[in-house]
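Counting begins at 1 with the first residue of the sequence.
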Amino acid sequence: MTTLQNDTFLRALAKQPVSHTPVWLMRQAGRYLPEYRAVRARAGGFLDLCKNTELATEVTLQPIDRFGLDAAILFSDILTVPDAMGLGLYFAEGEGPKFARPLQNEADIAALQVPDMAKLRYVFDAVSSIRRALNGRVPLIGFSGSPFTLACYMVEGGGSKEFRQIKTLLYRRPELLHHILNITAQAVTAYLNEQIAAGAQAVQIFDTWGGLLSDAAFPEFSLAYMRQIISGLTREHEGRRVPVILFTKGGGQWLELMAESGADALGLDWTVNLGQARQRVGGQVALQGNFDPAALFGTPESVRAEVRRILHSYGEGSGHVFNLGHGISQHTDPENVKALVDAVHEYSARS
């Protein structure tokens, strides 16, 4: 593979000296970009776009070309794994992802198996294609949903406001939920290792719904399975370390526990004080975040001011990757994204 021209992102995750704070954005390839919307229209639908190697490569590179970000992230979806398990993923217009065959009874749960990774070949082909297209410009991030987050969709059958089904299962039949989580953790481990083998240079585990859990339930039903995944991942590839980022939305109260998971970095949402988080984890891990995505609805001047505040909160030294506290909104003005990226690079430049 081509030598990296910009390895600032990987160096920051390793807490090594960097010339500037690197920046990438969750959902950086998406509907806020007119060029993305044009490609998606050509593809015919979201899943069609994910499964088209050429088009998935094109949309992955769009924000890199437009903004000069310090890392690319594979264009895909966290629900590819349960889809490969046979749950039948589809996207209802205006309603988000749905499963045709959710886990609704004990027999369905007992029958759940780690899928053949060949069913996810389109993802790994996209990783390889994107690496070739990047040609060493910036590193490529692979990703998966966490077992608990995936289980939320698998049990609920889609998104939810109350998450009543998954919570009922947790408290009424915890052994069944543990079975789902264990099988899913095995699947995610294999999935991420295949992404790494195909060329992903870092991986992120999105624990989007981990913050729903009680203080007692989070270590048992979310963190334990993320630890299981991390312990099974390929950590060296192409002659360098493959870092792992854990991101639990709403997980600020568990940073100390998460820092002991084996991850290299923790993603932070916008509710966490970045400087205090740095003190709490004591240099054990790098930190990623934590600009409020809604702050991109402001002006370029207010965006730059918020960037400066966050950089100041982290303080001097490496170990910080600038990012949003969650995915970018489809209603975001791309000019404000440019203001953010340029401000991060300008304000953090080190002589």
Side-chain angles (χ1 to χ4, degrees), residues 1-10 22-81 83-84 89-91 93 96-97 117 119-145 191-192 194-204 206 238 293 296 323-324 327-338 340-342:
M1 290 292 185
T2 308
T3 302
L4 267 176
Q5 299 157 37
N6 176 1
D7 67 351
T8 314
F9 167 71
L10 297 178
V23 54
W24 69 278
L25 308 175
M26 288 184 275
R27 283 198 211 122
Q28 63 189 26
R31 288 178 289 177
Y32 74 104
L33 291 176
E35 56 265 43
Y36 168 87
R37 295 195 296 271
V39 174
R40 179 167 168 170
R42 276 164 44 208
F46 178 75
L47 273 180
D48 299 301
L49 179 51
C50 289
K51 294 182 178 183
N52 184 311
T53 302
E54 181 180 341
L55 297 185
T57 301
E58 183 177 346
V59 296
T60 298
L61 266 64
Q62 284 173 346
I64 305 302
D65 294 337
R66 186 188 264 253
F67 301 120
L69 294 149
D70 295 290
I73 184 166
L74 161 71
F75 180 80
S76 188
D77 191 84
I78 64 169
L79 299 181
T80 53
V81 170
D83 183 44
L89 176 64
Y90 67 98
F91 284 79
E93 189 64 36
M117 288 295 120
K119 295 179 179 178
L120 292 159
R121 173 52 53 194
Y122 65 93
V123 176
F124 315 135
D125 287 346
V127 171
S128 297
S129 172
I130 295 162
R131 271 296 301 274
R132 288 192 298 271
L134 282 169
N135 196 31
R137 289 166 63 187
V138 293
L140 174 62
I141 306 165
F143 71 92
S144 174
Y191 182 56
L192 289 177
E194 289 285 350
Q195 290 185 38
I196 293 166
Q201 292 149 292
V203 294
Q204 176 158 314
F206 283 86
E238 299 179 297
L296 285 169
N323 207 317
L324 307 181
I328 192 168
S329 165
Q330 64 179 353
H331 305 293
T332 301
D333 183 346
E335 286 305 306
N336 278 354
V337 176
K338 184 179 189 306
L340 181 148
V341 174
D342 290 350

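For the pair Met26 and Phe143, the minimum side-chain heavy-atom distance is 4.5 Å or more. Contact check for Phe67 versus Leu33: side-chain heavy atoms found under the 4.5 Å cut-off. A 4.5 Å side-chain heavy-atom check between Asp333 and Leu296 finds every atom pair outside the cut-off. The shortest side-chain heavy-atom distance between Leu89 and Pro97 falls under the 4.5 Å cut-off. Using a 4.5 Å cut-off on side-chain heavy atoms (C-beta onward), Gln204 and Ile73 make no contact. Side-chain contact check for Glu58 versus Glu35: every heavy-atom pair is 4.5 Å or farther apart.
With rounding to the nearest 0.5 angstrom, the CE atom of Met117 is 6.0 Å from the CZ atom of Phe124. Going from atom OH of Tyr191 over to atom OG of Ser76 covers 4.0 Å, rounded to the nearest 0.5 Å. Here Arg42 contributes atom CZ and Asp48 contributes atom CG; the two are 13.0 Å apart, rounded to the nearest 0.5 Å. Atom CD of Glu194 and atom CZ of Arg121 lie 6.0 Å apart (nearest 0.5 Å). Between atom CD of residue Gln28 and atom CZ of residue Arg66 there is a gap of 13.0 Å, rounded to the nearest 0.5 Å. To the nearest 0.5 Å, atom CD1 of residue Ile196 and atom CD of residue Glu238 are 10.5 Å apart.
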(message) Could you go through Tyr122 and Thr80, starting from their C-alpha distance and side-chain angles, then the distance that decides it, and tell me whether this counts as side chain to side chain contact (heavy atoms under 4.5 Å, CB included)?
(response) CA-CA 10 Å; Tyr122 65 93; Thr80 53; 3.3 Å; yes
(message) Pair Asp83, Asp77 - check side chain to side chain contact (heavy atoms under 4.5 Å, CB included), show working.
(response) CA-CA 10 Å; Asp83 183 44; Asp77 191 84; over 6 Å; no
(message) Pair Leu25, Leu340 - check side chain to side chain contact (heavy atoms under 4.5 Å, CB included), show working.
(response) CA-CA 10 Å; Leu25 308 175; Leu340 181 148; 4.0 Å; yes
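Checked by atom type and distance alone, the side chain of Asn6 never pairs as donor or acceptor with a backbone atom of Arg137 at under 3.5 Å.
Nearest heavy atom pair, residue Ala198 against residue Ser128, reads O-OG, 3.2 Å. Considering every non-hydrogen atom in both Leu69 and Val138, the closest pair reads O-CG1, 3.4 Å. Between Pro63 and Tyr32, the closest heavy-atom pair is CB-OH, 4.3 Å. For Pro293 against Leu324, the heavy-atom pair with the smallest separation is CG-CB, 4.2 Å. Across all their heavy atoms, Ile64 and Ala71 have their closest contact at CD1-O, 3.3 Å. Heavy atoms only, all atoms of each residue included: Pro139 and Asp70 are closest at CD-O, 3.3 Å.
Among the candidates Tyr36, Tyr90, Phe91, the single residue satisfying the ring-ring contact (aromatic ring centres under 6.0 Å, His included) test with Phe46 is Phe91.
In this structure, Arg31 places its CZ atom where only 12 or fewer heavy-atom neighbours from other residues, nucleotides or ligands lie under 6.0 Å away. Counting heavy atoms of neighbouring residues, nucleotides and ligands inside a 6.0 Å radius, atom CD of Glu54 does not exceed 12 of them.
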